[in-house]
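Beneath this line is the structure, given in structure tokens, with notes to follow.
Chain A is the first sequence line, chain B the second, and so forth, proteins listed ahead of strands; every chain is numbered from 1. Everything numeric here is computed off the predicted structure, so don't read it as measured data.
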Number of protein chains: 2
Amino acid sequence: MGGAFEAGGMSESAVAAAVGYDELATLKLVALDGGRSGPVKLSCSGVANRLDVSNQTASRRLQRLEEADFIDREVVADGQWITITDAGESALRQEYADYRRIFETPSVVVLDGEVTGGMGEGRHYISLPGYMEQFKDRLGYEPFPGTLNVRLGDDAVRARAGMTALDAVPIDGWEDDERTFGPATCYAASVAVGGDSYEPVHIIVPERTHHDESQLEIIAPDKLRDELDLDDGDAVTVRVEEAEYE
Amino acid sequence: MGGAFEAGGMSESAVAAAVGYDELATLKLVALDGGRSGPVKLSCSGVANRLDVSNQTASRRLQRLEEADFIDREVVADGQWITITDAGESALRQEYADYRRIFETPSVVVLDGEVTGGMGEGRHYISLPGYMEQFKDRLGYEPFPGTLNVRLGDDAVRARAGMTALDAVPIDGWEDDERTFGPATCYAASVAVGGDSYEPVHIIVPERTHHDESQLEIIAPDKLRDELDLDDGDAVTVRVEEAEYE
DNA sequence: ATTACTAAGTCACGAGTAA
DNA sequence: TTTACTCGTGACTTAGTAA
């Protein structure tokens, strides 16, 4: 930790402000040993071994934990009885909540860009019955026959790379008498401009043709330009979310 | 952390061995910002503010995280793009698993003691139909008409205090023509001796009469002395668990 | 055996500066 | 603006000792 400097300001987690993360790890160990349901008997050397530090350090960390009122201690001849206080438990819960947010929140990729021209090309393809039926079936709506194109800034182009890690809805390729039509991927998203937001929309990415990475083609049940009152050059925020499709 | 000394031995969590808990907290912050699904753009000063440390320290922590191969970084003019590596993610998952064990594992209190005489008094009471019916209904079995008594050592007497924090099965008081019989509480448990273990058993604690704290009265479907081949003075371990009863 | 104090050392800290 | 270097200070460290 190198400093009690952490004690000062208002860090993100008030938790560690009082004790530092090393102490928090020590508290976690006590909790793992059952210190939550009642007093547990521990020895500094036992804690020290499991934390891989000297017993002096273990002793001091427990002292600091006690000073911060995260544990109650009673030192006896052959060890000490430790109980985690409410404050200590809530510190642990705070950490727990953070980790839950990390692992249990569906992933999101946020992309900023601006509306750009070209309702053109996409319109023809998505209207084709071979695609349209899949949209209705797998996306749950019949898209407006046209795409909203969004040009991404440099940063968003980079962030876009994370999009491919998200679960998405596959659209199969198909063919008719004359030619074949390639598969595509639809990413669930919402489009926001100012305070207004519209969803569901989907970003459609043709699989084969290597797409212009700075361009997003968006389909939606309605004409987004009307729904969100968009003109070319307007800044929009596209939130790409984890889609549910088995 | 005050030392790269942690790097050496085999600490409980190999996670923090490589980087220390301060770095882990930094990694957590990156994950919270979405570094799991793809590159996120962060600045040292931004991280520094949220961690409540100087930007130099934030810079160093990110460097250490990169050195430990927990993140990939690309430093650009106005910040850096950070992706959490598989190693980094598994470090976070390790922590997450610890917290889940703390908060999602039913609490347990382990009590060591030795078998002591006195199948006597309890026998009469638990055989009374006013109690026996509740046992059958709420415990799910009809207890052998007698209790196994366990004398607790000094340490176990202390640890016993944590038992009252556990969820338990209430047994109501009742009365007949002649007298009233008080309520009690049944704690779900198992009894182990050597490698053998028996469950379900319940520790029965009469509510009113303030019980001898060094004595445990245990009821079970069968005669435990026979099932576990117990004699007076034998050492047994009683694991008291969270009971499910609404 | 414990916990914890003191002493001596090292690493991490923040400040300043460079690129 | 950024990131990250050098540098001096100081907190945390381990080791040894006391109770």
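Inspection of the S90(B) and Q94(B) side chains reveals no N or O donor paired with an N or O acceptor under 3.5 Å.
Remark: D155(B) pairs with K41(A), W81(A) by the side chain to side chain contact (heavy atoms under 4.5 Å, CB included) rule, at least two apart or across chains. With sequence neighbours left out, the salt bridge (Lys or Arg N to Asp or Glu O under 4.0 Å) criterion links E89(B) to R36(B), R93(B). With sequence neighbours excluded, the residues satisfying side-chain hydrogen bond (donor to acceptor under 3.5 Å, both in side chains) with D33(A) are R50(A). Every residue was checked against the ring-ring contact (aromatic ring centres under 6.0 Å, His included) condition with Y198(A), not counting sequence neighbours, and none meets it.
Taking atom CG of D154(A) as the reference point, atom P of dT2(D) lies 18 Å away to the nearest angstrom. Atom-to-atom, CH2 of W81(B) to P of dT2(D) comes out at 15 Å; the value is rounded to the nearest Å. Across the protein-nucleic acid pair, Y21(B) atom OH and dC12(D) atom C1' stand 17 Å apart, rounded to whole Å. Across the protein-nucleic acid pair, I71(A) atom CD1 and dT3(C) atom C1' stand 13 Å apart, rounded to whole Å. Remark: C1' of dT3(D) and CG of D78(B) are 11 Å apart, rounded to the nearest angstrom. What separates CG of L62(A) from P of dC12(D) is a distance of 15 Å, to the nearest Å. Per the geometry, CG belonging to D155(A) stands 13 Å off P belonging to dT2(D), to the nearest Å. Rounded to whole angstrom, the span from the CD atom of E23(B) across to the P atom of dC13(C) amounts to 7 Å.
Put simply, R64(B) has a side-chain N or O that comes within less than 4.0 Å of OP1 or OP2 on dC13(C). Between Q63(B) and the phosphate of dT3(D), there is no side-chain N or O to OP1/OP2 separation shorter than 4.0 Å. Under 4.0 angstrom from either OP1 or OP2 of dA1(C) there lies no side-chain N or O belonging to S45(A).
Within the nucleic acid shown, S43(A) comes within 4.0 Å of sugar-phosphate atoms alone, with no base atom in reach, counting heavy atoms only.
Sorted by first then second residue, the salt bridge (charged side-chain N to carboxylate O under 4.0 Å, His left out) pairs that include residues 157-167 of chain B, not counting sequence neighbours, are E74(A)-R158(B).
D232(B) and T116(B) get closest at one heavy-atom pair: OD1-C, 3.7 Å.
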For nucleotides 15-19 of chain C, give me every protein contact, N/O to N/O, under 3.5 Å, one pair per line with atom names.
residue: dA15(C); atom: N7; partner: Q56(B); partner atom: NE2; Å: 2.3
residue: dG16(C); atom: O6; partner: Q56(B); partner atom: NE2; Å: 3.4

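Residue order along DNA chain C, read from the 5' end via each residue's closest nucleotide, puts R73(A) first among R73(A) and A58(B).
Listed nucleotides dT3(D), dT3(C), dC13(C) differ in distance to S59(B); the shortest reach to its side chain belongs to dT3(D).
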